[in-house]
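All figures in this text were calculated on a predicted structure; none of them were measured in a lab.
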Amino acid sequence: MKTLIFGATGMVGQGVLRECLLDRDVQMAQTVGRTTTGAQDAKLREIAHQDLLHYEAIEPSLSGFDACFFCLGVSSAGMAEADYERVTYGITLAASQTLSRLNPRMTFIYVSGAGTDSSEGGRSMWARVKGKTENALLRLPFAAYMFRPGLIIPGDGIRSKTTGYRIFYSLAKPFLPLLLWALPDYVLTTQQIGQAMLTVARQGYPRHILETKDIRTAARS
């Protein structure tokens, strides 16, 4: 299996990349982002690409893939809706439309979030935009799956790039194992998300929107 990862320098993306590099079924893992991860592995290829709204210049390097794990995203805190939509919807659709044309049999997995609003009409700005993005992806001509994790616990030395999240995880660290045990339907590890993505890429899943419980089930498979 050849996998493509967007957002591999983020917390979730780091976990997904790690699982890809550890998985014997993965022949190649290629990252795309404004910066490279700097990781070293024989299976790893990295593309630094600044304009994430346009991919014509690197299209030859984006074909021949079995799966794309789209982990790129930003926090909506302090952002105007138009700016948040440009990143969350605009960049995601620019990449996915290109990939669906180049790899029509690809499995595309998008990291959304618990509470995403599929109606696109709710009061929460981020949930509306995520819902609009999910709906657009599900209309594209490839197998698309939406992952909606709740609280994510980073493992294996992974750290979030967002300062607020780093502070939260630092303060909450003593309690995270308890949360994982007490709230299994709301809490996942980066390892579980990566393993679930690989499972869904290999064998699909009965539904195309996966909540935390579904992600955990796929990871166990």
Side-chain angles (χ1 to χ4, degrees), residues 1-8 10 12-13 15-17 19-20 23 25-26 29 32 62-74 76 84-85 87-122 124-152 184-221:
M1 183 162 58
K2 293 183 178 180
T3 62
L4 190 61
I5 306 168
F6 283 73
V12 174
V16 173
L17 174 59
E19 295 307 313
C20 285
D23 194 294
D25 288 345
V26 176
V32 178
L62 298 179
S63 63
F65 286 90
D66 303 294
C68 175
F69 305 137
F70 201 91
C71 309
L72 191 154
V74 295
S76 64
Y84 183 67
E85 184 169 325
V87 175
T88 301
Y89 179 85
I91 289 178
T92 306
L93 265 292
S96 60
Q97 288 169 345
T98 299
L99 293 174
S100 67
R101 175 169 52 81
L102 297 175
N103 307 275
R105 300 182 69 179
M106 165 185 278
T107 296
F108 187 97
I109 300 178
Y110 174 64
V111 179
S112 186
T116 291
D117 178 13
S118 296
S119 76
E120 305 180 31
S124 174
M125 180 272 281
W126 76 263
R128 287 196 308 272
V129 175
K130 286 280 191 180
K132 178 180 179 180
T133 306
E134 285 189 354
N135 291 337
L137 290 171
L138 290 169
R139 289 192 292 266
L140 290 175
F142 54 20
Y145 295 88
M146 311 297 113
F147 272 37
R148 293 183 175 181
L151 178 63
I152 302 169
D185 290 345
Y186 301 94
V187 184
L188 291 163
T189 65
T190 48
Q191 181 185 46
Q192 287 172 320
I193 293 173
Q195 291 172 346
M197 285 191 175
L198 288 165
T199 296
V200 173
R202 274 190 287 256
Q203 62 193 44
Y205 198 76
R207 57 180 64 93
H208 286 265
I209 295 178
L210 287 78
E211 305 288 351
T212 297
K213 195 173 189 178
D214 299 302
I215 298 169
R216 181 183 294 274
T217 298
R220 284 199 299 263
S221 299

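Counting heavy atoms from C-beta outward, Ile152 and Ile193 have side chains that approach closer than 4.5 Å. Proximity of Asp117 to Ser124: side-chain heavy atoms (C-beta onward) are nowhere separated by under 4.5 Å. When side chains are defined from C-beta on, Leu198 counts as touching Met1, because their heavy atoms get closer than 4.5 Å. The side-chain heavy atoms of Tyr110 and Thr133, taken from C-beta on, include a pair separated by under 4.5 Å. Proximity of Gln195 to Arg220: side-chain heavy atoms (C-beta onward) are nowhere separated by under 4.5 Å. Taking 4.5 Å as the limit, some side-chain heavy atom of Pro141 sits within range of a side-chain heavy atom of Ser100. Contact of the Met125 side chain with the Tyr84 side chain is registered, since non-hydrogen atoms from C-beta on lie closer than 4.5 Å. Residues Ile215 and Gln192 form no side-chain contact, since every pair of their non-hydrogen atoms from C-beta on lies 4.5 Å or further apart.
Ring orientation note: the planes of Phe142 and Phe108 are close to parallel, at an angle under 30° on the 30°/60° scale.
Taken from SG in Cys20 to CD1 in Ile5, the straight-line distance is 4.0 Å, to the nearest 0.5 Å. To the nearest 0.5 angstrom, Ile209 atom CD1 is 8.5 Å from Thr116 atom OG1. The OG1 atom of Thr199 lies 10.0 Å from the CD atom of Glu19; values are rounded to the nearest 0.5 Å. Here Thr212 contributes atom OG1 and Leu188 contributes atom CG; the two are 5.0 Å apart, rounded to the nearest 0.5 Å. Note that CG of Leu99 is 6.0 Å distant from CG of Leu4, once rounded to the nearest 0.5 Å. For the atom pair Arg202 CZ and Asp25 CG, the distance stands at 4.5 Å (nearest 0.5 Å).
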Steps toward side chain to side chain contact (heavy atoms under 4.5 Å, CB included) verdict (Thr3, Phe69): CA-CA 7 Å; Thr3 62; Phe69 305 137; 3.9 Å; yes
Stepwise side chain to side chain contact (heavy atoms under 4.5 Å, CB included) test for Met197 and Val111: CA-CA 10 Å; Met197 285 191 175; Val111 179; 3.3 Å; yes
Audit row: Phe6, Ile91, side chain to side chain contact (heavy atoms under 4.5 Å, CB included) steps and yes/no: CA-CA 11 Å; Phe6 283 73; Ile91 289 178; over 6 Å; no
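Closest of all the heavy-atom pairs between Ala201 and Ala67 is CB-CB, 3.8 Å. Scanning both residues, Asn103 and Gly64, for their nearest heavy atoms gives OD1-N, 2.8 Å. Contact between Trp126 and Gly115 at its shortest, heavy atoms only, is CH2-C, 3.8 Å. What you find for Leu138 and Ala144 is that their closest heavy atoms are CD2-O, 3.6 Å. Residues Leu17 and Ala29 share a closest heavy-atom pair of CD1-CB, 4.2 Å.
Between Ser118 and the options Lys130, Lys132, Glu134, Arg128, a side-chain contact (heavy atoms from CB on, under 4.5 Å) holds for only Glu134.
For the 3.5 Å distance criterion, the side chains of Thr92 and Ser96 fail to qualify, holding no donor opposite an acceptor.
Salt-bridge check for Glu211 with Arg148: passed, with a basic side-chain N closer than 4.0 Å to an acidic carboxylate O. Using a cut-off of 4.0 Å between Lys/Arg side-chain N and Asp/Glu carboxylate O, Arg207 and Asp214 are scored as salt-bridged.
Note that Lys2 lies outside the cation-pi zone of Phe65, set by a 6.0 Å cut-off to the ring centre and a 45° limit from the axis.
Heavy atoms of other residues, nucleotides or ligands lying less than 6.0 angstrom from OH of Tyr186 number 12 at most.
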